[in-house]
Number of protein chains: 2
Amino acid sequence: MNLYIKRIKDLHSRLDTEILTALEEAFTDKRFEKGSYLLRPGQICTSHLLIKEGIARKFYIHQDREITTEIYFHDDVAISLDSYIMQNPGDIYIEALTELEVTVIDYSRFYSMKSKYPEVMMLDKMFIEYYAVWFEQQLRAFQTLNATQRYLKLLEKEPQVAQLLPVTIVASYLNISLETLSRIRSKVS
Amino acid sequence: MNLYIKRIKDLHSRLDTEILTALEEAFTDKRFEKGSYLLRPGQICTSHLLIKEGIARKFYIHQDREITTEIYFHDDVAISLDSYIMQNPGDIYIEALTELEVTVIDYSRFYSMKSKYPEVMMLDKMFIEYYAVWFEQQLRAFQTLNATQRYLKLLEKEPQVAQLLPVTIVASYLNISLETLSRIRSKVS
DNA sequence: AGTATTTTTTGACTTGCGTCAAATTTCCGG
DNA sequence: CCGGAAATTTGACGCAAGTCAAAAAATACT
């Protein structure tokens, strides 16, 4: 777990009980079948989706090719950021890769929580800060690393992804062809 | 100007005078010579740098190669996000490409403003939201577009960059070699 | 203006990775 | 435990874009 996530969790754990119980009320638990979609293109993203158990991914389609942008495990938050922020229809899929248990944090309820409690606003802001920094790092990875280096980095930083998911998805996450990923794998190991 | 920036400006213009004057106090104007650095690797980013006049860029060095990540014009905000957020030393340069006039928004003063006025916190949050969405779009551009397409997109979205800056910098912004950019230019026009 | 220096263009060659196609392995239902 | 589908690997080949090098053009310097 990285330093910044730790800060968010610290802040969260120091919220007083009144806020915590109020927050819980904006939460709904939900289950998804393996292979089902939590979000599809054309839909407006009206919630944060906190993964309780299982694996999910976010992807978009470009010229008939799926490009996976994020892979979610326990405690990750799935969201289509621009759709959520602007409350406009998005163009991404969020897919359950296994059977999934999710806590749904509703947009409007969360919004009123933020207005009422500055601490919650702070928490949300930290979440987005973290997300922005993560994007910046991803961008840098694509600018500086070749296919093999990106794969090695993935092995180091997110070993579960490389181990648990089929080549097709891992390749689309690294933005390389599955053949290339297969070749890299045989060289590396 | 995009829709989201418009929202931020709207919110800003609706702040009441008390807050506005308090905000102004956290601002300091500063000038930079062409070629000088507003931030260097190893330094902690202790402010937002609002560009009043001139052009600046952010870049980092990877294997002796400069990679430009952002180019700033009037009303843009230059910041090293992770350094600012964590108040850790960063690894990026912010360079004045022309003579520059900047409004410096001090970290700690801005921080206390945010604690005091929820509206200011909101404004800051919107800034980061916008930044995160921008990063996400950049990432997608690198994942889906080839060198020529990225250049054409740049011409469309940020024509000043392509027109005003030397090939070296434009190429490092598009993350291609200057030779390739030169070839693209001769083909396109 | 004339030379030096930087910037941009052009050319020849190399290479990482994509595509298409076929072979092989893994997975699974009956 | 076997046959068929899906996933993965392997091979042959092409191309976008990088590198190195030199020419040409633009800019700066005295």
Side-chain angles (χ1 to χ4, degrees), chain A residues 33-35 55 57 59-68 71 95-99 138-155 159-189, chain B residues 33-35 55 57 59-68 71 95-99 138-155 159-189:
Chain A
E33 297 285 304
K34 173 174 177 169
I55 310 176
R57 68 162 175 153
F59 70 95
Y60 61 90
I61 291 185
H62 177 80
Q63 293 177 178
D64 300 325
R65 210 162 64 90
E66 292 182 2
I67 299 180
T68 301
I71 295 172
E95 180 191 9
L97 294 176
T98 62
E99 182 160 13
Q138 284 292 102
L139 191 58
R140 194 185 280 213
F142 277 105
Q143 287 171 335
T144 58
L145 306 178
N146 64 25
T148 307
Q149 293 168 328
R150 291 208 297 282
Y151 177 68
L152 291 175
K153 187 179 174 183
L154 184 72
L155 275 186
Q160 332 95 298
V161 172
Q163 286 156 15
L164 300 176
L165 301 180
V167 190
T168 323
I169 291 179
V170 179
S172 90
Y173 186 45
L174 293 169
N175 203 35
I176 60 183
S177 69
L178 44 150
E179 294 93 333
T180 297
L181 176 55
S182 174
R183 283 183 243 272
I184 290 171
R185 275 193 155 149
S186 63
K187 285 222 169 176
V188 163
S189 61
Chain B
E33 296 286 303
K34 172 174 176 169
I55 310 176
R57 69 162 174 153
F59 70 95
Y60 61 91
I61 291 183
H62 177 80
Q63 294 176 177
D64 299 326
R65 208 163 65 89
E66 292 182 3
I67 298 179
T68 302
I71 295 172
E95 180 192 8
L97 294 176
T98 63
E99 184 161 10
Q138 284 292 103
L139 192 58
R140 194 185 281 214
F142 278 105
Q143 286 171 336
T144 59
L145 307 178
N146 65 25
T148 307
Q149 293 168 327
R150 291 208 297 281
Y151 177 67
L152 291 174
K153 187 179 175 184
L154 184 72
L155 275 187
Q160 333 93 300
V161 171
Q163 287 156 14
L164 301 175
L165 302 180
V167 191
T168 323
I169 291 179
V170 179
S172 90
Y173 187 46
L174 292 169
N175 203 36
I176 60 183
S177 69
L178 46 152
E179 294 94 332
T180 297
L181 177 55
S182 174
R183 284 183 242 271
I184 290 171
R185 274 191 155 150
S186 64
K187 287 223 170 177
V188 163
S189 62

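As the structure is a prediction and not an experimental result, all values here were calculated from the model. Proteins come first, then strands; the chains are lettered A, B, ... in the order of their sequence lines, and each starts at number 1.
Proximity note for A:Ile176 (side chain, C-beta onward) versus C:dC17, D:dT10, C:dG18: the nearest is C:dG18. Considering only the side chain of A:Arg183, C:dT19 comes nearest among C:dT9, C:dA12, C:dT19. Picking from C:dG18, C:dT10, D:dT10 the nucleotide with the shortest atom distance to the side chain of A:Glu179 gives D:dT10. Closest to the B:Leu178 side chain, of the nucleotides C:dT8, D:dT9, D:dT10, is C:dT8. Minimum atom distance to the side chain of B:Ser186 is reached by C:dT10, of the listed D:dA17, C:dT10, D:dT8. Among the nucleotides C:dC17, D:dA16, D:dA21, the one closest to the side chain of B:Asn146 is D:dA16.
For the atom pair A:Leu97 CG and A:Ile71 CD1, the distance stands at 7.0 Å (nearest 0.5 Å). Interatomic distance, A:Glu66 CD to A:Tyr173 OH, rounded to the nearest 0.5 Å: 15.5 Å. Once rounded to the nearest 0.5 Å, the distance linking CG of A:Leu181 with CG of A:Asn175 reads 12.0 Å.
Phosphate contact (OP1/OP2 of D:dT8, side-chain N/O of A:Ser182, threshold under 4.0 Å): absent. The side chain of A:Thr168 contributes no N or O atom lying less than 4.0 Å from OP1 or OP2 of D:dA7. The side chain of B:Ser177 contributes no N or O atom lying less than 4.0 Å from OP1 or OP2 of D:dA17.
Taking atom CG of B:Asp64 as the reference point, atom C1' of D:dT19 lies 15 Å away to the nearest angstrom. One interatomic measurement links the two molecules: NE2 of A:His62 to P of C:dG18, which rounds to 14 Å at whole-angstrom precision. Atom P of nucleotide C:dC17 and atom NZ of A:Lys187 are separated by 11 Å, given to the nearest angstrom. Rounded to an integer number of Å, the gap from CZ of A:Arg65 to P of C:dG18 is 8 Å. Look at CG on A:Leu181: it is 14 Å from P on C:dT19, rounded to the nearest Å. Rounding to whole angstrom units, CG of residue A:Leu145 and C1' of C:dC17 are separated by 16 Å. To the nearest angstrom, P of D:dA6 lies 16 Å from CD1 of A:Ile169. As a whole-Å value, the separation of A:Arg150 CZ from C:dG16 C1' is 11 Å.
Because its NZ or CZ atom is both nearer than 6.0 Å to the ring centre of B:Tyr60 and within 45° of the ring axis, A:Arg140 counts as a cation-pi partner of that residue.
Contact check on B:Lys34 versus B:Glu99 returns no salt bridge, with no Lys/Arg side-chain nitrogen under 4.0 Å from an Asp/Glu carboxylate oxygen.
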